[in-house]
Protein chains: 2
Amino acid sequence: MPGKHPDHPLADFKVGIDNVIFSVDTEQHRLLVLLVMRHEDPFIGQWSLPGTLVRQGESLETASYRVLSEKIRVNNLYVEQLYSFGGPKRDPREAEHAYNVRYLSVSYFALVRFAEAELIADGVSGIAWYPLNQLPELAFDHEEILTYGTLRLRNKVKYSPVVFDILPEMFTLSDLYQLYITILGDDFSDYSNFRTRLLKLGFLKDTGIKTSRGAGRPASLYRFEADAFEPLKDKPMVFV
Amino acid sequence: MPGKHPDHPLADFKVGIDNVIFSVDTEQHRLLVLLVMRHEDPFIGQWSLPGTLVRQGESLETASYRVLSEKIRVNNLYVEQLYSFGGPKRDPREAEHAYNVRYLSVSYFALVRFAEAELIADGVSGIAWYPLNQLPELAFDHEEILTYGTLRLRNKVKYSPVVFDILPEMFTLSDLYQLYITILGDDFSDYSNFRTRLLKLGFLKDTGIKTSRGAGRPASLYRFEADAFEPLKDKPMVFV
DNA sequence: ACAAAAGTGTTGTGATTACACCCATGG
DNA sequence: CCATGGGTGTAATCACAACACTTTTGT
């Protein structure tokens with residue numbers, strides 16, 4: 001195979017993965033993305049999505065999980081592949097090599113529970129949750145990746161029950177409502193209709209336990225019933 | 001950067017693209033995918049998705065389009081990136097190299113007009129449209145890629161107007177209905193309700209021209225009005 | 001007592017479904 | 001004149017948005 005098309009030599013690639021890790025701070029109603037400070041060239045001193053280059057024998061998913069677990073400790077999370085960015089000239093390191101190496105990035109999208117996500121400080125590393133509306137300038141083409149990830153997040157929560165992966169086991173219906181508002185903005189149905197719709201779907205089980213948060217009537221804690229959701233899995237369904 | 005983690009050497013990749021090219025033969029009500037016969041090892045003599053390895057200086061999209069245009073001549077098509085498969089051991093060529101080279105495949109999804117898609121016979125090459133329900137055994141992990149592509153196709157046509165990219169300029173409403181049936185199966189609303197719904201959306205313009213196909217009342221030819229669809233672009237909308 | 005938050009009910013409107021039925025053509 | 005496919009109409013049901021109202025708590 002090599003040398004077969006001498007006029008059209010194949011490109012050699014290093015493959016990186018970049019994680020777009022979202023979380024929601026329900027207390028402060030903020031949608032957050034995890035960024036890390038770069039300590040190496042290129043883009044030293046700039047914020048970037050947590051990523052890494054894929055090692056020998058390592059799958060893409062493993063590499064993605066490796067960086068994630070180096071940065072945060074988390075119990076529950078949702079992950080899926082996002083997109084691959086692989087054009088020439090997207091990484092300045094390509095110029096450094098005499099031999100023509102390309103850098104391709106496979107991006108992953110993750111959603112984690114904010115309360116349980118403990119950032120791992122390794123002494124030097126800058127690592128922080130940034131609200132989506134107060135982003136710093138990002139390295140590489142990470143802004144494009146993040147934009148695409150945000151689009152996917154907003155679509156995902158509308159049509160699939162991913163949010164239950166990042167809510168606690170038991171939650172009130174206003175927790176759920178607030179979560180949607182924080183992710184999507186507040187331009188959808190009012191709380192009362194939201195309640196009725198979600199409850200009619202039948203996969204939220206009232207535990208009977210009440211919780212009181214300051215003034216106001218105590219709220220019931222609900223649980224997401226995966227079994228009851230199962231039959232609805234493939235139905236088109238808008239959650240908000 | 002090289003030599004920084006001597007315990008964890010980076011993997012070197014060749015990047016391939018594989019196209020899942022769908023078309024619909026409306027006459028015969030068959031959903032088709034384009035396959036090519038391999039003339040090289042590995043998997044010589046087996047059918048596979050049309051793919052290629054990415055060349056120096058070439059973007060992923062360009063590579064994808066290059067193979068596509070080597071295989072068929074087509075006027076109208078819809079393309080989007082599908083998924084990246086990159087685990088170790090997915091390509092037997094990895095074993096051939098003394099040095100550890102990995103093969104990553106970025107798959108692309110395409111939808112082309114059957115009537116205008118002229119297959120390019122280059123003398124040797126086997127190339128053929130295969131009905132989705134009569135597939136031969138496929139090389140590599142192409143079956144997995146195709147399964148994923150099919151899923152994407154079915155979702156795509158439900159929520160976006162891609163089908164109009166592969167219908168002729170002017171078409172009857174039963175053409176449209178038949179097309180959906182061929183892609184999705186016939187378990188959705190009846191023709192009469194399908195009509196009403198689509199017409200109410202307002203982006204199908206009756207040209208007034210009638211067409212007669214054998215017996216029965218002649219049908220009106222409709223045109224898809226991109227302008228009229230524009231404002232509906234971001235609304236959640238089920239087409240069938 | 002009253003504010004705050006949770007939860008219920010009502011009402012009008014519009015979408016969806018399952019049909020029955022009419023229309024225009026070829027044989 | 002009838003089979004064939006195109007096209008219209010309708011009535012029952014259901015989903016949805018807006019919003020008024022009741023309930024249960026803390027202060």
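Excluded from the calculations below are hydrogen atoms, water molecules and symmetry mates; all remaining heavy atoms, backbone and side chain alike, are included. Here is how names work: the chains are called A, B, and so on, in the same order as the sequence lines, proteins then strands, and each is numbered from 1.
With sequence neighbours excluded, the residues forming a salt bridge (Lys or Arg N to Asp or Glu O under 4.0 Å) with A/R73 are A/E118, listed by chain and number. For A/E225, the side chain to side chain donor-acceptor pair (under 3.5 Å) criterion is met by no residue, not counting sequence neighbours. The ring-ring contact (aromatic ring centres under 6.0 Å, His included) check on A/Y159 picks up nothing, with sequence neighbours excluded. Residues satisfying the side chain to side chain donor-acceptor pair (under 3.5 Å) criterion with B/N75, sequence neighbours excluded, are B/E116.
Residue pairs meeting the salt bridge (Lys or Arg N to Asp or Glu O under 4.0 Å) criterion with at least one member in residues 178-193 of chain B: none, sequence neighbours excluded. Pairs of residues two or more places apart, or lying in two chains, that qualify as side-chain hydrogen bond (donor to acceptor under 3.5 Å, both in side chains) and include a residue from residues 162-174 of chain B are B/T172-B/D175. Applying the side-chain hydrogen bond (donor to acceptor under 3.5 Å, both in side chains) rule to pairs touching residues 231-240 of chain A yields nothing, sequence neighbours excluded. Applying the salt bridge (Lys or Arg N to Asp or Glu O under 4.0 Å) test to pairs two or more places apart or on separate chains, those with a residue in residues 125-153 of chain A are A/E80-A/R152, A/R90-A/D141. Within the structure, no pair that satisfies the ring-ring contact (aromatic ring centres under 6.0 Å, His included) test touches residues 63-82 of chain B, not counting sequence neighbours.
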For nucleotides 11-15 of chain D, print each protein N/O atom paired with a nucleotide N/O atom at under 3.5 Å, atom names and distance only.
none

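The phosphate of D/dG6 has neither OP1 nor OP2 within less than 4.0 Å of any side-chain N or O from B/R195.
A tilted orientation is assigned to the rings of B/F188 and B/F194, their planes being inclined by 30° to 60°.
Note on B/S174: only backbone sugar-phosphate atoms sit closer than 4.0 angstrom, heavy atoms only; bases stay farther off.
From the 5' end on, the contacts that DNA chain C makes with chain A at under 4.0 Å to a non-hydrogen atom open and close at C/dA4 to C/dG9.
Using a 3.5 Å distance cut-off with no hydrogens or angles, the side chains of B/S59 and B/T62 do pair a donor with an acceptor.
In this structure, A/Y191 atom OH and D/dC16 atom P are separated by 18 Å, rounded to whole Å. Distance B/F171 CZ to D/dG6 C1': 16 Å, rounded to the nearest Å.
Comparing B/T172 and B/T196 by the nucleotide of DNA chain D whose heavy atom lies nearest to each, the residue mapping closer to the 5' end is B/T172.
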How does each nucleotide of nucleotides 18-26 of chain D score, in 5' to 3' order, for protein heavy atoms under 4.0 Å: base (B), sugar-phosphate only (S), or none (-)?
BB---BBBS
